[in-house]
Amino acid sequence: MVVNGLRRHQALLRALAIGLALSALTVAAGACGGSSKKTSATPTPQATTTGANATASAVASTPVHAGLLTPLAISPGDLLTHADLAARGVGTPGRGPFTGDKLIIPAVGINAPFSYKVVGSDGQMPNPNGPTDVAYYDFSQWPKAGGLPGKGGNIVLAGHVDYIHYGPAVFWRLHELKVGDLITIQMKDGTKYNYKVEFNKQVPANDTSVNWSDIVNATADESVTLITCSGQFEAGHYDHRQIVWGRRV
């Protein structure tokens, strides 16, 4: 079981290389441009799995990212740690229909519609629909992961950082978010749920020291996790993932 879990985790991080723009489980592949096609290197989780150690899809053969992002200087303090994740606590994911209308982040000029993506029992996190939408992930088939605005847990969202033949995409400026910046999820009925950024950090795509399930699992307080790609661009993919986490206020 331990070996299988490690393989799933490693496959997930490799898929995160998709240019999420954090995004695929195909968690990583989703927003970074991963394909939904599975390979023998991405085993399907067992039905008894209760965490979010889901597998990622294979990297798309046709790149979706433009490689426009200038690599950021990364210091040790910029990397996501176990302490960062542990400080969030553990909670129960909210469940129910998602009626989100748009994501609003004034500090970085984001006002974008949602697409709705279900993470099935195979652990696949589908891509956002394109360069201008933000994917909301329904983890209802993964008992410990995800969340719902107003209902608790960890609301996991992903978007592309750039897009081929398009340019800078919806999460282009995500790396600029600072502690204390406001993230708003506006629902179709006009209700707004606000979250304040508590960290904005990076994870190397091939790093196995951070368990991806801990990133997407439900937190003690209702929160939101934003994921996109970052780092160096090579062979059609970025080598880091930008992870922003905010607590509801």
Side-chain angles (χ1 to χ4, degrees), residues 16 20-23 27-28 31-32 52 69-91 93-94 100 102-112 114 134-137 145-162 168-186 192-205 207 209-232 238-249:
L16 281 173
L20 269 180
L22 196 208
S23 199
V27 160
C32 272
L69 193 66
T70 301
L72 305 175
I74 302 175
S75 66
D78 297 323
L79 296 175
L80 188 65
T81 67
H82 291 291
D84 294 322
L85 298 174
R88 307 178 312 168
V90 178
K102 55 187 177 180
L103 178 71
I104 302 169
I105 312 179
V108 290
I110 293 174
N111 188 320
F114 290 109
V134 174
Y136 164 82
Y137 291 100
L148 190 72
K151 299 293 186 180
N154 179 13
I155 298 137
V156 180
L157 309 174
H160 291 285
V161 68
D162 61 20
V170 62
F171 277 179
W172 173 253
R173 297 178 57 197
L174 200 71
H175 66 278
E176 298 178 20
L177 282 177
K178 304 288 193 302
V179 172
D181 283 341
L182 191 67
I183 297 169
T184 298
I185 295 176
Q186 180 170 308
K192 294 181 179 181
Y193 296 98
N194 296 315
Y195 308 81
K196 279 194 176 180
V197 174
E198 295 210 2
F199 65 67
N200 186 355
K201 303 225 172 166
Q202 295 201 39
V203 176
D207 183 10
S209 65
V210 173
N211 192 331
W212 188 258
S213 66
D214 292 335
I215 296 175
V216 300
N217 277 350
T219 51
D221 296 326
E222 183 175 313
S223 65
V224 63
T225 295
L226 310 179
I227 306 167
T228 196
C229 281
S230 187
Q232 183 74 38
Y238 286 96
D239 65 358
H240 280 68
R241 302 296 166 266
Q242 197 81 38
I243 309 294
V244 176
W245 183 73
R247 193 190 308 267
R248 186 176 168 187
V249 294

If you measure from the Lys or Arg side-chain nitrogens to the Asp or Glu carboxylate oxygens, is any gap between Asp84 and Lys201 under 4.0 Å? yes
Is the backbone of Gln232 close enough, under 3.5 Å, to the side chain of Asp239 for a donor and an acceptor to pair up by distance? yes
Is there a side-chain contact between Lys178 and Asn200, using heavy atoms and a 4.5 Å cut-off? no
Euclidean distance, Leu177 CG relative to Leu226 CG, rounded to 0.5 Å: 7.0 Å
Can you name the closest pair of heavy atoms from Ser213 and Asn211 and give their distance? OG-OD1, 2.8 Å
Flag side-chain contact, heavy atom, 4.5 Å: Arg248 against Tyr193: yes
To the nearest 0.5 Å, tell me how far Leu182 CG sits from Asn194 CG. 4.5 Å
When you compare the side chain of Arg88 with that of Asn154, does any pair of heavy atoms fall below 4.5 Å? yes
When rounded to the nearest 0.5 angstrom, what is the spacing between NE2 in His240 and CG in Leu80? 11.5 Å
Is there side-chain contact between Leu72 and Ser230, with heavy atoms separated by less than 4.5 Å? yes
CG/Leu174 to CD/Gln242 distance, rounded to the nearest 0.5 angstrom? 6.0 Å
Which atoms form the tightest heavy-atom contact between Ala112 and Val170, and what is the distance? CB-CG2, 3.6 Å
Reported CG-to-NZ distance for the pair Asn111 and Lys102, which is rounded to 0.5 angstrom: 4.5 Å
Look only at the side chain of Tyr195 and the backbone of Glu222, and say whether a donor-acceptor pair between them is shorter than 3.5 Å. no
What is the minimum heavy-atom distance between Gly146 and Pro93, and which atoms define it? O-CB, 3.2 Å
Looking at every heavy atom in both Tyr238 and Val161, which two are closest together, and how far apart are they? CE1-CG1, 3.8 Å
Does a donor on one side chain and an acceptor on the other come within less than 3.5 Å for Asp221 and Ser223? no
Do the side chain of Thr228 and the main chain of Gly159 share a donor and acceptor less than 3.5 angstrom apart? yes
Only one of Val216, Leu157, Ile215, Ile155 clears side-chain contact (heavy atoms from CB on, under 4.5 Å) with Thr225; which? Ile215
Any side-chain heavy-atom pair from Ile110 and Phe171 closer than 4.5 angstrom? yes
Compare every heavy atom of Tyr136 with every heavy atom of Gly147, then report the nearest pair and how far apart it is. O-OH, 2.7 Å
Does some side-chain heavy atom of Leu103 sit less than 4.5 Å from a side-chain heavy atom of Thr184? no
Minimum side-chain heavy-atom gap Val90-Asn217 below 4.5 Å: no
Steps toward side chain to side chain contact (heavy atoms under 4.5 Å, CB included) verdict (Asp162, Trp172): CA-CA 6 Å; Asp162 61 20; Trp172 173 253; 4.1 Å; yes
Is the shortest heavy-atom distance from the side chain of Leu79 to the side chain of Ile74 under 4.5 Å? yes
